[in-house]
Colleague: 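One structure, as structure tokens, below. Some questions next.
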Amino acid sequence: MISGEVEPRITDLQIQSRVHELLDLPVCTNQMSSAIYHYQCPNEHTQELNNENTKKKPYNCPHSGSKCDGTGDIPWLLLHLRNDHNVEMHDGRSFSHRYVHHNPKHLHHATRMLTLLDCFGRQFCLYFEAFHLRKTPMYIAFVQFMGDEEEAMCFSYSLEVGGNGRKLTWQGVPRSIRDSHKTVRDSQDGLIITRKLALLFSSDNNSNKELKLKVSGRVWREQ
């Protein structure tokens, strides 16, 4: 015998509510803004969303002279670097800078240098730094792109150091500032100069008390 009772109808809202109970993650039901999605639900349920919005994540401050925990988008970083770290901005795709290092025999007194480059409507970081490679004193110069790796691959750059009839050049692809400057430096992805060679390039190579290096270069967009 068939009962005349009507089976209760399950609404879409009830199904959705039941799914939420199973997930036990009520925060996932909230509408998530692309700017703060990673704060609202940092778990595997939003892993696909995280992958699609990697470019929305804030960038770490790329300043190399001191530890800085600042994070933000590119416009914020530009203001932060210029106002809080006093970093200079150079306009144009070609550049030339002179680095002076007093008492080059002691690299632990070296100052890391950072200059901002503005060209093609994008910004780049030009680094010059002294470091030790297996106890050998070295200098390195390299460029990083202020943006993500995918767009960085659209650009190339060259660096050149010369003086006293000598010249050393480097050509490469700027790494994204998603990589720290230390990561790029330790991978030796740039123009590397030994201290002995740097003294030969120096405009004052008769003295070991001061190192003067002229580093020039340019940035271009690949076709």
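Worth knowing before you read on, the calculation uses all heavy atoms, side chains too, and leaves out hydrogens, waters and symmetry mates.
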Colleague: Taking only residues two or more places apart in sequence, or in another chain, which ones meet Leu197 in a side-chain contact (heavy atoms from CB on, under 4.5 Å)?
Modeller: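 With neighbours one apart ignored, the set is Leu168, Ile193, Thr194, Leu200, Phe201.
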Colleague: For residues Trp76 and Thr71, determine if any side-chain heavy atom of one lies less than 4.5 Å from a side-chain heavy atom of the other.
Modeller: no
Colleague: Do you know which two heavy atoms are closest between Leu114 and Pro62, and how far apart they sit?
Modeller: CD2-O, 4.1 Å
Colleague: Any idea how His85 and His80 line up, ring-wise: parallel (<30°), tilted (30 to 60°), or perpendicular (>60°)?
Modeller: perpendicular
Colleague: With a 4.5 Å cut-off on side-chain heavy-atom distances among I, L, V, M, F, W and Y, is there a chain of contacts connecting Leu199 to Ile192?
Modeller: yes
Colleague: Among residues at least two apart in sequence or on other chains, which ones pass side-chain hydrogen bond (donor to acceptor under 3.5 Å, both in side chains) with Asp73?
Modeller: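 Residues passing side-chain hydrogen bond (donor to acceptor under 3.5 Å, both in side chains) with Asp73: none at all.
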Colleague: Any heavy-atom pair between the side chains of Ser202 and Lys212 that's under 4.5 Å?
Modeller: yes
Colleague: Strictly by modelled atom types, are Tyr157 and Trp170 linked by a side-chain donor-acceptor pair under 3.5 Å?
Modeller: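 Their side chains do contain a donor-acceptor pair, which is all the 3.5 Å distance test asks for.
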Colleague: Given side chains that start at C-beta, do those of Tyr99 and Met113 come closer than 4.5 Å, heavy atoms only?
Modeller: yes
Colleague: In the single-linkage hydrophobic clustering (I, L, V, M, F, W, Y; side-chain heavy atoms under 4.5 Å), do Leu79 and Phe124 co-cluster?
Modeller: no
Colleague: Yes or no on salt bridge (Lys or Arg N to Asp or Glu O under 4.0 Å) for Arg185 and Glu129, after CA distance, side-chain angles and deciding distance?
Modeller: CA-CA 8 Å; Arg185 183 200 69 191; Glu129 185 174 344; 2.7 Å; yes
Colleague: Once you round to the nearest 0.5 Å, how far does NE2 of His90 lie from OG of Ser96?
Modeller: 8.5 Å
Colleague: Quick one: does any side-chain atom of Ser187 pair with a main-chain N or O of Thr183 as donor and acceptor, under 3.5 Å?
Modeller: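 Side chain of Ser187 to backbone of Thr183, a donor-acceptor pair under 3.5 Å: yes, one is there.
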Colleague: What do the steps show when you test Ile74 against Ile177 for side chain to side chain contact (heavy atoms under 4.5 Å, CB included), and what is the final call?
Modeller: CA-CA 10 Å; Ile74 299 302; Ile177 59 171; 4.1 Å; yes
Colleague: Counting C-beta onward and ignoring hydrogens, is there a side-chain heavy-atom pair between Leu78 and Met146 closer than 4.5 Å?
Modeller: yes
Colleague: State whether the side chain of Ser156 and the backbone N or O of Trp220 hold a donor-acceptor pair below 3.5 Å, judged by distance alone.
Modeller: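 No, because the side chain of Ser156 does not come within donor-acceptor range (under 3.5 Å) of the backbone of Trp220.
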Colleague: Walk me through it: do Cys125 and Leu116 pass the test side chain to side chain contact (heavy atoms under 4.5 Å, CB included)?
Modeller: CA-CA 5 Å; Cys125 294; Leu116 293 174; 4.0 Å; yes
Colleague: Pro174 versus Gln144: any side-chain heavy-atom pair under 4.5 Å?
Modeller: no
Colleague: Could you go through Leu81 and Cys61, starting from their C-alpha distance and side-chain angles, then the distance that decides it, and tell me whether this counts as side chain to side chain contact (heavy atoms under 4.5 Å, CB included)?
Modeller: CA-CA 8 Å; Leu81 289 169; Cys61 173; 4.0 Å; yes
Colleague: Just so I know, are the side chains of Gln188 and Met138 near enough to count as touching, which here means a heavy-atom distance under 4.5 Å?
Modeller: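 Result no, sub-4.5 Å side-chain heavy-atom pair not found.
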Colleague: Quick one: do the Ser158 and Gln171 side chains pair a donor with an acceptor below 3.5 Å?
Modeller: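 There is no such pair between these side chains.
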Colleague: If we only count heavy atoms from C-beta on, is the Arg98 to Leu213 side-chain gap below 4.5 Å?
Modeller: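 No, their side chains stay 4.5 Å or more apart.
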Colleague: Please say yes or no: joined through hydrophobic side-chain contacts below 4.5 Å, possibly via intermediate residues, are Met89 and Tyr59 part of one cluster?
Modeller: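 Yes; tracing contacts between hydrophobic side chains, which count when under 4.5 Å, links both residues.
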Colleague: Rounded to the nearest 0.5 Å, what's the gap from SG on Cys68 to NE2 on His63? Could you check?
Modeller: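 The distance works out to 8.5 Å.
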Colleague: As an exercise, state the distance from NE2 of His181 to CZ of Arg175, rounded to the nearest 0.5 Å.
Modeller: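 The CZ atom of Arg175 is 13.0 Å from NE2 of His181, to the nearest 0.5 Å.
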Colleague: Among residues at least two apart in sequence or on other chains, which ones pass side-chain contact (heavy atoms from CB on, under 4.5 Å) with Glu151?
Modeller: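 Counting only residues at least two positions away or on another chain, Glu151 forms a side-chain contact (heavy atoms from CB on, under 4.5 Å) with Arg122, Phe145, Phe155.
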Colleague: Between the main-chain N or O of Asn164 and the side-chain N or O of Arg166, is there a donor-acceptor pair closer than 3.5 Å?
Modeller: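 Yes; judged by distance alone, with no hydrogens or angles, the pair exists.
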Colleague: Tell me whether Leu211 is reachable from Val100 by hopping between hydrophobic residues (I, L, V, M, F, W, Y) whose side-chain heavy atoms are closer than 4.5 Å.
Modeller: no
Colleague: Do Leu117 and Asp91 touch side chain to side chain, with heavy atoms closer than 4.5 Å?
Modeller: no
Colleague: List the steps and the verdict of side chain to side chain contact (heavy atoms under 4.5 Å, CB included) for Lys214 and Val161.
Modeller: CA-CA 6 Å; Lys214 179 183 178 181; Val161 58; over 6 Å; no
Colleague: List the atom of Arg178, the atom of Asp148, and the distance in Å for their closest heavy-atom pair.
Modeller: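 In terms of heavy atoms, the two residues are closest at NE-OD1, 2.7 Å.
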